[in-house]
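Counting begins at 1 with the first residue of the sequence.
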Amino acid sequence: NNSISGNLYISDHTNNNTMQCLFCSPKSSSHDEDDCDEPNFGGTVSITNAETKPLTINLCDTDNDLDTSEYDRAKQCEDGKTVHNDDDVEVDDDRKNDGDGLQALRPVHFFKTYFTGPWVLVENGSLKGFFDFVPAHFRVGSWHPLSGFSLLLVVFVLYESNPEWTILGDLDEMQSVVLTSALTLQWFSAVICFGWMAWIMYLSSSSAGPVILITFTILSWTMNMCRFFLLAISPFVKDPANNTFAYFVTQALYISRCPCLLTASLVFVIWNFVLMPIIALKFMKSVEARTKFLKWCFNFRLTNVHLINLPLSIIGAIYVPGNKNAFTELDLFYTYAYGVSYLFFYLFVLDRIGVHLYPILSPRSILGVFMWPISFFLNYLLFTLYNNKVLIEANFE
């Protein structure tokens, strides 16, 4: 509700760049003070500059009778805003060239603000407004007081799962995770599953772009797809003790076996029984919005990555290699390490640029603070379940 004096003009690019007064009624190319409503105006407006880049203008408080051309706005504005001399308007330094604040995402500025602030680099904590449906208290504001303790807890769990920090498996143990023969039923299963997953990946990336690779779901899908590829070529790469490429394939298959299975299982459980119901019931405010959301959840591509991903991962981790050996503590460490890595990526990168793929992981909510260790506990339960109920009883010989 701040009053401004003077005339605010906008350029009508659809009408030969005619300059129009924003407040004249009716609007005309020639400003008539008698027709100008001179309303009170506050907040921000978005315009387009000569390079057709959106520009957010912050209107500062001025006295009604002051001539804006003579008024020193720099003394009136706060929070580091500077005078744009050409247009005599106030512009936030980090948003001069981008109304959505994307200019602030330059790598140098991004890393600098880890120490100088601000933490949230986009307006309202929502990248280009895509995540406005997420409540504001999940997007902006201070982290929950217990968030630091919860984060230290999951790091401590990671450390305790492998206190000696053994990274690579024993070569003799790794031999059990590869296919030894081609043209078998298991080998054809690996080839077919790889082809299917690659096709779904193509459809998904064609529809939404490569940005989908930042999601936990698609990363899990991609890991399982790559695992099937390695299984399909493993019969043709021999002697890992003396062949570097064969050693890489064998080691990758060994390390990825448990993470691929447990991440796919976690996606299946968390999405279908936690995230999807919470988003549908809590964040979708109308019946129409809820119906559209559920229809989207069960389209062909999402049905694959959220439902069919589980049986595919079981095929890749247990059936194709014929490996009924129980998982070890090192396997659990691999899974925890991947989980911690993604959690840090989510909190220290995605959260800062306003990408809130999983609102229940927000560091500003007590729900997120509890969900971090709970997700690791679920991994441990799944690890135990597969060891006690699946792997020991499995026999695909």
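- Within the 4.5 Å cutoff, side-chain heavy atoms of F216 are placed close to those of V267.
- Proximity of the aromatic rings of F111 and F115 is defined here by a centroid distance below 6.0 angstrom, and this criterion is not met.
- Note that the CD1 atom of I315 and the SG atom of C193 stand 4.5 Å from one another [nearest 0.5 Å].
- With sequence neighbours excluded, the residues satisfying ring-ring contact (aromatic ring centres under 6.0 Å, His included) with F376 are Y336.
- Closest approach of I279 to W271, counting heavy atoms only: CD1-CZ3, 4.4 Å.
- Looking only at atom types and distance, the side chain of T384 has no donor-acceptor partner in the side chain of N387 under 3.5 Å away.
- Atom CZ of residue F370 and atom OG of residue S375 lie 13.5 Å apart, to the nearest 0.5 angstrom.
- Under a 3.5 Å cut-off, the side chain of S206 and the backbone N or O of L203 do not form any donor-acceptor pair.
- Proximity of I233 to L230: side-chain heavy atoms (C-beta onward) are separated by under 4.5 Å at one or more points.
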request  = Test L382 against F327 for side chain to side chain contact (heavy atoms under 4.5 Å, CB included), laying out the working first.
outcome  = CA-CA 11 Å; L382 292 167; F327 291 128; over 6 Å; no
key: Test side chain to side chain contact (heavy atoms under 4.5 Å, CB included) applied to V157 and F377, step by step   = CA-CA 10 Å; V157 170; F377 181 65; over 6 Å; no
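- Annotation for Y380: atom OH does not count as buried by contact number, only 12 or fewer foreign heavy atoms lying within 6.0 Å.
- To the nearest 0.5 Å, atoms CG (L332) and CG (N379) are separated by 7.5 Å.
- M225 is connected to Y202 through a chain of hydrophobic side-chain contacts under 4.5 Å among Ile, Leu, Val, Met, Phe, Trp and Tyr, so both are in one cluster.
- Between S220 and Y338 the shortest heavy-atom distance is N-OH, 4.3 Å.
- Under a hydrophobic clustering in which Ile, Leu, Val, Met, Phe, Trp and Tyr are joined whenever their side-chain heavy atoms come within less than 4.5 Å, directly or via other members, L281 and M276 fall into different clusters.
- In this structure, the side chains of L262 and Y386 come closer than 4.5 Å at one or more pairs of heavy atoms.
- Following chains of ILVMFWY side-chain contacts shorter than 4.5 Å, one cannot reach W372 starting from L152, and the two form parts of different hydrophobic clusters.
- Here the side chains of S205 and I212 are in contact, with some heavy-atom distance below 4.5 Å.
- In terms of heavy atoms, D351 sits closest to L347 at CB-O, 3.4 Å.
- S313 and N224 are not linked by any side-chain donor-acceptor pair at a separation below 3.5 angstrom, with hydrogens and angles left out of the test.
- H306 contributes atom NE2, which lies 11.5 Å from atom CD1 of I270 (distance to the nearest 0.5 angstrom).
- Surrounding CZ of F229 are at most 12 heavy atoms belonging to other residues, nucleotides or ligands under 6.0 Å away.
- Put simply, Y114 and V140 are part of the same group of oily side chains (I, L, V, M, F, W, Y) that touch within less than 4.5 Å, one to the next.
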request  = Kindly determine whether T291 and M284 satisfy side chain to side chain contact (heavy atoms under 4.5 Å, CB included), including the steps that lead there.
outcome  = CA-CA 9 Å; T291 301; M284 299 294 113; over 6 Å; no
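- Both I214 and V349 are members of a single hydrophobic cluster when ILVMFWY side chains are connected at heavy-atom separations under 4.5 Å.
- Panel note: side chain Y358, backbone Y346; no donor-acceptor pair is recorded below 3.5 Å.
- Atoms CG and CG, on L146 and L151 in that order, are 12.5 Å from each other to the nearest 0.5 Å.
- Side-chain contact check for L231 versus Q186: every heavy-atom pair is 4.5 Å or farther apart.
- When the shell of 6.0 Å around CZ of F156 is examined, it contains 12 or fewer heavy atoms from other residues, nucleotides or ligands.
- Shown here for W143 and R364, the closest heavy-atom pair between the two residues is NE1-NH2, 4.0 Å.
- F248 contributes atom CZ, which lies 9.0 Å from atom CG of L253 (distance to the nearest 0.5 angstrom).
- Summarising the geometry of R352 relative to T113, their closest heavy-atom pair is NH2-OG1, 2.6 Å, with the distance given to 0.1 Å.
- Counting only heavy atoms from C-beta outward, the side chains of E329 and N162 never approach each other to under 4.5 Å.
- With Y334 as the aromatic partner, R257 does not meet the cation-pi criteria of under 6.0 angstrom to the ring centre and within 45 degrees of the ring axis.
- Minimum interatomic distance between V320 and S189 (heavy atoms only, all atoms of both residues): CG2-CB, 4.1 Å.
- Side-chain atoms of N309 and M197, non-hydrogen and from C-beta on, never get closer than 4.5 Å to each other.
- No side-chain heavy atom of F228 sits under 4.5 Å from any side-chain heavy atom of I192.
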